[in-house]
Amino acid sequence: MSDDKIILTGIRPTGSLHIGHFCGALQNNVFIQNTYDYKYMYGMIADAQALTDNFDNPDKVRNNVIEVALDMLAVGYDPEKTILFIQSEIPELTELTFYYMNLVTVARLQRNPTVKSEIEQKEKFSTGLPVGFLNYPISQAADITAFKATIVPGGDDQAPMIEQTNEIVHKFNSIYADVLKPVKIITPDSNHAARLPGIDGNAKMGKSLNNCIYLKDSADTIASRVQSMFTDPNHLRIQDPGNTKDNPVFIYLSVFAKPEHFAAFMPEYKDYSELAAHYERGGLGDVKVKKFLNNVLQETLRPIREKRELLARDSASIMEILRIGTNKARAAAAETLSEVKKAMKLDYFN
Ligand code: TRP
């Protein structure tokens with residue numbers, strides 16, 4: 001093996017995945033899986049982390065483990081290449097977390113920008129913050145270091161987690177022994193990722209905002225979601241000039257519409273920039289553009305949905321994939337834990 005990169009990706013199972021996840025992370029992770037040189041690539045379903053803000057809803061997390069696994073496999077995660085596993089089935093991660101907790105101050109956790117903004121947004125934490133939630137960056141450091149991951153693909157919101165992980169790595173290595181590996185975040189490039197707004201134009205697509213198109217949505221649901229999309233509110237008559245910049249219909253087209261979609265459904269335009277230019281100068285109606293977007297999304301999502309439906313018929317074999325992956329991941333984490341404990345002089349009976 002020419003390369004010793006170890007790549008770890010993680011997803012919280014709090015809901016089915018939508019096209020925002022697809023564009024923001026999934027597609028990029030599959031690209032990495034299929035093109036990078038690496039020693040191991042892991043895909044973790046972070047159910048224990050999901051519980052840090054859903055501890056009162058165990059059914060939600062439990063049920064979404066299989067949902068998320070189906071979504072991951074449907075978009076191209078390949079269990080031959082990516083070790084898929086369930087976080088809570090690896091108790092070594094909890095044990096590592098416990099030791100790392102000595103290396104981080106409460107103030108440092110409270111300063112973590114991602115944690116800080118999540119706390120502010122969560123109504124249920126207004127009366128008190130659970131220790132487990134504040135602690136989740138440490139648990140994420142355990143996830144990353146347990147597998148000696150050198151690369152974590154992620155968006156800007158994950159950068160503070162990686163920074164915090166590296167602080168723990170350096171502190172651990174300088175106090176005990178050189179056991180843990182520093183990690184780099186790779187933020188996806190624009191060819192393989194984009195940030196999608198919701199269908200209502202809200203900057204973020206999110207389940208609680210009810211502005212998503214899900215990977216498992218039926219053809220009819222996709223059509224009616226596209227129909228109801230927010231566009232440019234000042235584009236009242238077809239001849240009016242339109243705004244494509246803050247217009248989710250155009251943002252989605254800029255991401256999803258490929259040359260073959262133009263050839264098949266919109267042959268009067270060569271590409272996105274011609275279509276957008278026409279809308280901006282006036283004379284192109286929303287109905288026509290939405291119809292095109294519907295065709296593009298149907299073509300893009302149909303193969304994913306069909307694969308997902310096929311996989312969902314045999315959930316036992318999905319659980320088997322997760323079981324096999326979890327066993328492999330657990331062996332790797334156990335090895336790191338034993339090195340960590342040895343470095344900390346916690347190896348009495350060896
Ligand atoms: N925090 C990540 C998210 O919210 C999920 C996650 C947990 C993760 N552990 C990880 C991601 C380790 C990368 C590596 O999406």
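Just so you know, ligand 1 is whichever comes first in the structure, and atom 1 is the first atom listed for that ligand.
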- Item | Remaining members of hydrophobic cluster (4.5 Å side-chain criterion), V183 | I6, L8, Y40, Y42, M44, I83, F85, I90, L93, I144, F147, V152, I162, I185
- Between E339 and K148, does at least one N-O distance fall below 4.0 Å, as a salt bridge requires? yes
- Residues in contact with ligand 1, criterion: heavy atom under 4.0 Å: L8, G10, R12, M44, A46, Q49, Q140, D143, I144, V152, Q158
- Return yes if a side-chain donor-acceptor contact under 3.5 Å exists between T145 and Y100, otherwise no. yes
- Apply ring pair (Phe, Tyr, Trp, His ring centres under 6.0 Å) to F22 and list each qualifying residue two or more places apart in sequence or on a separate chain. none
- Fit a plane to each ring of H261 and F265, take the angle between them on a 0 to 90° scale, and name the class: parallel (under 30°), tilted (30 to 60°) or perpendicular (over 60°). parallel
- Query: Can you list the residues that meet the ring pair (Phe, Tyr, Trp, His ring centres under 6.0 Å) rule with F292, with sequence neighbours excluded?
  - Reply: F262
